[in-house]
Every structure is written in C-alpha cells, then in structure tokens.
Amino acid sequence: MNNLYSGFNARNEFCLNVDKLNLNELDVLKRVAPVLDIDINKNNGIALFTEKSTDDSITVEFDAIDNIMRIKYFDLRSFARALSHLREVRETGKAVHEKVQFEDLGFMVDLSRNAVLTVDSLKLLTNYLAVMGYNTLFLYIEDTYEIDDYPYFGYQRGAYSSQELKEIDDYAYSLGIEVIPCMQTLGHLRNAFIWPYANEIKDTDDVLLVGEEKTYDFIRSLLRTLSNSVRSRRIHIGMDETFGLGRGNYQTRNGAEAPHEIFGKHIERVLEIAKEFDYDPMVWSDMYFRFISSTNNYYDLNTEITEDIKKVVPNEVSLVYWDYYNTNEEIYEKMLERHKLLGGNKTWFAGGIWNWNGIKVNHGKMFATSQPALEACRKAGIKHILTTAWGDNGSETSVFEALLGAQYFGEATWQEQLPTRSETIRRFNLTVGGDGKAYYNMRLFDEVPGVPKDNLVCYNPSKYILYSDVLTGLFDVHINPYAEELSEHYGNLADYFDLKAAETTDQHRLFYLQSAQLADVLQRKVVLTSTLRASYLAGDKSTLRQLVEFDLPELIGAVTDLQAFTMSIWYLHNKPQGSEVIDSRMGVLIARLKTTLDRVDGYLNGVYEFLPELESKRLAFDGRSLAEVEISPHTRVNDWKRIISASPISNAP
C-alpha cells in the first residue's frame, strides 16, 4: 500500500515516542500514521500515554512542560479518532473531550457501479474512516464478489475473491471497524442477470423470481460465501427499489398478486436462510412505504401505515431509512416516527455524501440535507447511522474526492453540537491532509452561475457540457443563455486548481490536476457550443475556420489530457475492470469532436453544401418551453447514453 501514501505533505513535523503503547494501540497507530503525518520512528518525540475511559468518550491532553500527550479512549476506533486530535492539541494547548452521539457510525461504499476499489485502496479508505471515528464499513456489492457455484456472477466485474474479503475484514477489524456486507436478495441485480445462468431465477431483468427454489439456492450460495469471508453477523440484504416485482415471469406462473404479499413471502424465505448462518439482517425500508402510497412515493407522509403492511415486516429485521434529498427537518422527524410505527427490530438512518451528482461531488446538497437529517436523528434517539457513497452511472467521481462528506458525519457523531461547514473543513485538513476548501470548491463544477446556493435541484452542467454532442446540440438551449458567465466561471476554476496543483506535492495533487483539466475542457466546450451553430447560421466562415484550425484541435488535445488524468485516478484506486466504460466515454467524445472538425472543414471546402445537424431546431432537453428555459436554463441528467444522443445506444431496432 506504500504507493498510495507516497508524497504525503507534512502538515507540521510531529513525532511520537510510543514506548508506552500496547501492541493493539501500536498497531492502530502504525496503520493511520501515514494519513495523519505522524512520525513514530524518532526517540525524542512527544511521549504518548494512554488509559481507558469509563464511558463512550475520548480525552486528549498535552503537558507541554513534560512533553507528554495523554489519551483516554474506550475502543480501537475511538483511539484512532483521538490520534486525529494530537496535532491540534499540541498547537493550541487546549484539551479535547468528545463523547460519541451514535452507537453505530457507518460508511457505505458503492462497489457495484464499475469502480471496484482495490484491497489496498479499501485499506486506505478504512484508515481515513478510523481517524474520523467510524466503527462500521458497509461494502455495497451487488455482483462484485465471487461465488463458486455461479462462475458468471461478477464475471469481468472486478469481483472480490473470498480471500480478498477476508483481508479487508481483518484489516478493518484491527482498527475497530466492523465490515458489513451490503448485498441484494431481490432487486438491483440487472448486471448479474445478463448471463444465461440467471434465466431460471429472474422475474424481470432486475428482480429475482420469488417462489422458485433455484432462487433460494442462489441466495443461500451468496450468504454462505459472505459468511465464510466476513466475520460480522450483521448483514444488509437490500430489497430496495424492487419495481416490477411480480410483473414478469412470476405473473406468468402465478397470475396477478399484490406486490407487498409477494415481498412478504420472499423476505420470510430469505430470513430463514439467513438464520442458517446466524445473521442479523437489515433491509432498505422504501418498498414498505411505496406499497401503501398511491404514487409509489417513499416519502409520502399522507398515507396510513396499514395492518397489512405491518404484517409483512418481520420483527427480527432492522429497517434502514435512506434519505439524501430532503432539507426540511420535520420530514425526517415524521419519517423516523413512521418507521417506529412500521415495526421491525431497529431503525438505521442512511444519508448520502452526494458523490453521484455526475462528474464532481455536490457538497452543497450534502451539507443541506445531512444537517436536518442528523438533527432529527438525535432528537428521535436513533442510535445507528451511516452515510452512503453511491456510484450512479459509472462511478465517475472517486470516493476519495467525497471524504469531506464522510468527515461531516464523523464530526456529527463525536461533537456535542452538529459541526459547521468551516469546522468540517478544518477537521478534514487535519485527518485527510488535503486542502478541505479545495475539495469543497469542487462543488463549483455544478454550482455555476444561475444555479442557486447549494445546488439543491442537483443540476449537473459539468456532465452534460462535457459529453454533449456539439453538432446535434441537445443541450444548446441550456448552455447558451449563460455561455459568457460559464466560460469565465470554468476559466477561473481551471486557474484555481492549477494553482492548488502547483502548491501541492502529495497524492491530492492528482485530483487538483484532473479538476483543473476538466475545468479547462468545460470552458473550451462552452465556447465551442455557443459559437459553432451561431457562426454557421450567420454565414461567418472566418469564425468557423478559426474553430477548425485552432479551437477544435486544441479541445481534442485537452480532452485527451483529461482522459489521461481521469484514468490515472481510476488505476490508482480501482481494479481495472470498469475502466473501459470511462475510457469509451472519453473516446466517443474525442471521436465526435474529430467528426465535427471534419464536417465543418468539409463545409468550408465545399464538400458539403450545408450541415443539416446545425440547421435543425433546438429544443429543451427536459421538455420545458424555451421561454421557461431562458429564465432558468440549467437542467439535470446523469445518464451518459441520454446525454450524447437522442438515438438509442443499445437495443436499437
């Protein structure tokens, strides 16, 4: 794992004399020392003494006269959290005392949307989580673990072997972190179902066939593998968003049946199998609420929780309430109360760090939704929380760019009051070692001119500007109204991250370089989008010649450089499988820019009398009128296939 730590900047020289530590403490310190820039190899460092606290609290004190640091802690993850305070306690002279506010603090990393972290990268992530104070790590693995009985399950997806899972589990355990598998036992199995073996066990292209015995043989194999690979007896068995349940092969076999009844029968069978492995299961709770909503709305507060629904909620299963969207504390309070009425064992709350907005993290949305959510959790006495790092549409945003959100949940768990943004950034600087303000500013790739503060609607112009086709112009009416402001905005971002990269020599530099290059590409793309069609329609061949001879070749070169930076980040942290998707997207972008150059050059040289694609009318991508778009031009679409063309990419007739 040394390559992942190479070049960390020293925040200030800090060395410890560790003669008084026991073996477990020394092991934790050795693992997290690189991320905290602590030198434990010098004999003349600050003497570190430890003792166990009598409650769920930590205390860190510094005796400057005797050059002694004292830590009180209650378990290994709390010891790691205490270590993150050493530097600030020495520099300020002020003791730190913290008491944990939640029994469980978990981080769920999505390993199913192409980006499967290497074992070393998961260890690095675990080190960060440890010093932030986490005690659980959820591995979201739909089909990214190997099953002996089903060789096509996870085939060419970077699936973890049982040995790899054991190595991850052992490493996390040494830091006081419990690894909890987060699997699927009903829906979200579309990738697993692309191979012929699944034909006998699928209801629809995404949902398992309830009642088929081969389905339960399959689930038993999944649970057996995870039971043999990970020591925890807690497991997340998924079951969210099972849209279409009972509407495919199940209905052909059994006729129409109420989805909640099918769901209830299935979960009982799954729990029977889970008991064989002594598992304590939890499920996403959304389907129970969707079943009783006339609009299939998870957050519908106006529906009654019926006795029929309560009957299909097993007493032994814990419910995980996920909500990354609402900014109103009252909604969270009411939803938590509705979970208590629904039943089940325990209630977990799952928030999100919004690394799935598109190309970059939406930190504004993360802060705006997490604060009221965690305030409501505290008031309701919720003891178990986690934050999620989903990878929608190909995991284009590295989880290591999203650690500011993880830091927020860490501070919210350990501080008496919920932290401010500035406090979160300050603590991020100490625990992660990067420039927290720079990572926070990555939100500005989408929080652009014309987007309200915190980007609560989750506009993602960086993605549709990057991938949109300049000839067909699906997003012209969304880009052009703010073209001048966007060009200046992205130009300033490019300069900002270029400066951050020049100031940095550690691993964060690669993220700054990639950000600077992305901003440069976006600035050029905005100019091209706003200039190309307008110049063509105006008959301005001089400007078109400028585009052909200078702007387009330079943009193609800039995209090629962006591709190199993006792939470097991928291969630093992820297994190679899945990289072909990002590579292909960049390749298509470059190919279409080359075609644009050829088409316009051909028009200028008389090869083409006209360019129909530039003459076609432009409409709003999201179906709004042009008058509506002129008032508020930005939109959101986090689907590459939809961005690049109005024509189908797959399943074409």
Checking Ser395 against Asn114 for the side-chain hydrogen bond (donor to acceptor under 3.5 Å, both in side chains) test, could you report, in this order, the C-alpha distance in whole Å, the side-chain angles of both residues, the deciding distance, and whether it holds?
CA-CA 6 Å; Ser395 296; Asn114 296 351; over 6 Å; no

Trace of the side-chain contact (heavy atoms from CB on, under 4.5 Å) decision for Leu137 with Leu139
CA-CA 6 Å; Leu137 171 61; Leu139 304 181; 3.9 Å; yes

Tell me, with the steps shown, if Asp110 and Arg113 meet salt bridge (Lys or Arg N to Asp or Glu O under 4.0 Å).
CA-CA 7 Å; Asp110 187 347; Arg113 288 345 190 273; 2.8 Å; yes

Is there a side-chain hydrogen bond (donor to acceptor under 3.5 Å, both in side chains) between Asn249 and Lys202? Walk through the geometry before answering.
CA-CA 7 Å; Asn249 291 325; Lys202 65 180 180 181; over 6 Å; no

Could you walk me through whether Glu316 and Lys275 satisfy the salt bridge (Lys or Arg N to Asp or Glu O under 4.0 Å) test, starting with their C-alpha distance in whole Å, then the side-chain angles of each, then the deciding distance to 0.1 Å, before giving a yes or no?
CA-CA 10 Å; Glu316 64 268 37; Lys275 287 177 183 177; 3.8 Å; yes

Where do Tyr140 and Glu142 land on the side-chain hydrogen bond (donor to acceptor under 3.5 Å, both in side chains) test, with the steps shown first?
CA-CA 6 Å; Tyr140 184 72; Glu142 291 174 357; 2.5 Å; yes

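Within a 6.0 Å radius of NZ in Lys214, no more than 12 heavy atoms belonging to other residues, nucleotides or ligands are found. Taking a 6.0 Å sphere around NZ of Lys310, one finds it holds more than 12 heavy atoms contributed by other residues, nucleotides or ligands. By the 6.0 Å contact criterion, CG on Asp148 is open, its count of non-hydrogen atoms from other residues, nucleotides or ligands being 12 or less. Within 6.0 Å of NZ in Lys265 there are more than 12 heavy atoms belonging to other residues, nucleotides or ligands. Enclosure of atom CD in Glu580 by more than 12 non-hydrogen atoms of other residues, nucleotides or ligands within 6.0 angstrom is indicated. Within 6.0 Å of OH on Tyr155 lie no more than 12 heavy atoms contributed by other residues, nucleotides or ligands. Other residues, nucleotides and ligands contribute only 12 or fewer heavy atoms inside 6.0 Å of the CZ atom of Arg642. For OH of Tyr197, the number of neighbouring non-hydrogen atoms (other residues, nucleotides, ligands) closer than 6.0 Å is greater than 12.
Using a 30° and 60° split on the angle between ring planes, Tyr134 and Phe107 fall in the perpendicular class, above 60°. Ring pair Phe289/Tyr298 is tilted by interplanar angle, where 30° to 60° counts as tilted. The aromatic rings of Tyr325 and Trp322 stand perpendicular to each other, their planes meeting at an angle above 60°, with 30° marking the opposite boundary. Relative orientation of the Trp284 and Trp390 rings is tilted, given thresholds of 30° and 60° on the angle between their planes. Ring geometry, Phe367 versus His363: the interplanar angle falls from 30° to 60°, so the pair is classed tilted. Taking the six-membered ring where tryptophan is involved, the planes of Phe138 and His236 are perpendicular, since the angle between them exceeds 60° and thus also 30°.
Applying the side chain to side chain donor-acceptor pair (under 3.5 Å) test to pairs two or more places apart or on separate chains, those with a residue in residues 339-355 are Ser285-His339.
Partner Phe428 forms a ring-ring contact (aromatic ring centres under 6.0 Å, His included) with one of Tyr128, Tyr440, Tyr439 and no other, that one being Tyr439. With Glu329 as the fixed residue, the side chain to side chain donor-acceptor pair (under 3.5 Å) test singles out one of Gln371, Lys379, Lys334: Lys379. Exactly one of Thr413, Asn135, Thr136 qualifies for a side chain to side chain donor-acceptor pair (under 3.5 Å) with Asp104. That residue is Asn135.
Remark: Arg636 fails to qualify as a cation-pi partner of Tyr459 under the 6.0 Å distance and 45° angle criteria applied to the six-membered ring.
With ring centers used as reference points, His573 lies under 6.0 Å from Phe400. Residues His266 and Tyr250 keep their aromatic ring centres 6.0 Å or farther apart. Less than 6.0 angstrom separates the ring centroid of Tyr321 from the ring centroid of Phe349.
With salt bridges taken as basic N to acidic carboxylate O contacts below 4.0 Å, none links Glu447 and Lys453.
With sequence neighbours excluded, the residues that form a side chain to side chain contact (heavy atoms under 4.5 Å, CB included) with Arg233 are Ser227, Phe277, Asp278, Tyr279.
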